[in-house]
Every structure is written in structure tokens, then in C-alpha cells.
Amino acid sequence: MAKAKTDGAADAEQGAAAGAAAPVESVDSTLGYEQARDELIEVVRSLEAGGTTLEESLALWERGEALAKVCRRWLDGARARLDAALTESPDGPEAERA
């Protein structure tokens with residue numbers, strides 16, 4: 001049974017079919033964390049399922065790498081915000097040392 005592909009995976013495959021794999025920076029930087037994560041999961045599933053050409057697999061891999069970078073930026077930003085909030089908080093780690 002054929003599985004429907006996400007728009008991003010289909011776009012990546014079309015780019016590969018045209019002879020130009022989607023550049024890593026082509027991922028929309030306005031993607032939210034959950035959206036990027038969900039699309040990354042679909043890319044991984046497609047790669048694990050196989051049945052794609054080498055060019056399609058490379059395009060999917062590159063898309064996955066770009067999506068992973070988006071997720072990492074969101075997580076790094078969340079970590080920075082959490083660290084800043086803990087530093088500013090009177091009950092944060094700095095207060096425990098005093």
C-alpha cells in the first residue's frame with residue numbers, strides 16, 4: 001500500500017528529479033518546532049520505508065538535516081530563555097549559592 005508523502009517530502013523529491021536537490025537552507029524558517037518535528041518524523045519514515053531512488057533519498061536526507069536544524073534552533077532558544085529566567089529569578093540557582 002502506497003503511503004501519501006508530505007508536501008515537503010514531495011517538494012524535495014521533485015527538486016531531486018529536476019537534478020537539483022533542495023538546498024539545506026530552503027526550509028521555511030518560520031516553521032514552528034512541532035511542525036518541523038512532525039515533518040522530520042515523516043522524512044525519517046520515508047527513508048526507513050525505502051522504495052525511493054538514490055536522488056529522492058538524498059533530497060529527503062537533506063530536507064531532514066534542514067528540519068533538524070530548525071528543531072535545534074527552537075530547542076536552543078528555549079534553553080536560553082529558561083536559563084535567563086532562572087538567572088533572573090530570586091529563587092534561581094544563584095540564590096541557592098548565597
Side-chain angles (χ1 to χ4, degrees):
M1 185 160 112
K3 190 164 85 170
K5 296 184 179 170
T6 63
D7 289 340
D11 291 345
E13 288 178 14
Q14 288 173 352
V24 173
E25 297 303 320
S26 69
V27 171
D28 185 0
S29 62
T30 62
L31 281 177
Y33 171 78
E34 291 80 6
Q35 186 179 3
R37 179 202 60 210
D38 291 347
E39 188 176 339
L40 178 56
I41 290 168
E42 286 303 313
V43 166
V44 170
R45 284 185 183 147
S46 295
L47 287 168
E48 288 177 342
T52 57
T53 66
L54 177 59
E55 287 299 318
E56 291 168 340
S57 295
L58 287 172
L60 284 169
W61 180 271
E62 290 173 344
R63 178 77 177 168
E65 288 288 333
L67 289 164
K69 285 181 182 181
V70 170
C71 290
R72 173 58 54 198
R73 280 195 300 263
W74 276 105
L75 293 172
D76 288 346
R79 170 62 66 190
R81 288 176 57 195
L82 179 60
D83 289 345
L86 289 174
T87 301
E88 293 173 8
S89 172
D91 297 329
E94 307 302 324
E96 292 177 12
R97 293 186 200 142

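Note that the structure is predicted; figures quoted are calculated from it, not measured. The chain is numbered in sequence order, starting from 1.
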Answer yes or no: is there a side-chain heavy-atom contact under 4.5 Å between Val70 and Leu40?
no
Work out which heavy atom in Leu60 is nearest to a heavy atom in Ser46; give both atom names and the distance.
CD1-CB, 4.0 Å
Atom CZ in Arg73, atom NZ in Lys69: separation rounded to 0.5 Å?
8.0 Å
The criterion is side chain to side chain contact (heavy atoms under 4.5 Å, CB included); which residues satisfy it with Leu54, sequence neighbours excluded?
Leu58
Residue set satisfying side chain to side chain contact (heavy atoms under 4.5 Å, CB included) with Arg81, at least two apart, ordered chain then number -> none
If hydrophobic clusters are built by linking Ile, Leu, Val, Met, Phe, Trp and Tyr wherever their side-chain heavy atoms come under 4.5 Å apart, do Leu75 and Leu67 end up in the same one?
yes
Indicate the atoms forming the closest heavy-atom contact of Leu47 with Ser57, along with that distance.
CD2-O, 3.6 Å
Working to the nearest 0.5 Å, report the span between CZ of Arg72 and CZ of Arg79.
10.0 Å
Do the charged groups of Glu34 and Arg37 touch, with an N to O distance under 4.0 Å?
no
Nearest heavy-atom contact between Gly32 and Trp74 is C-NE1, 3.7 Å
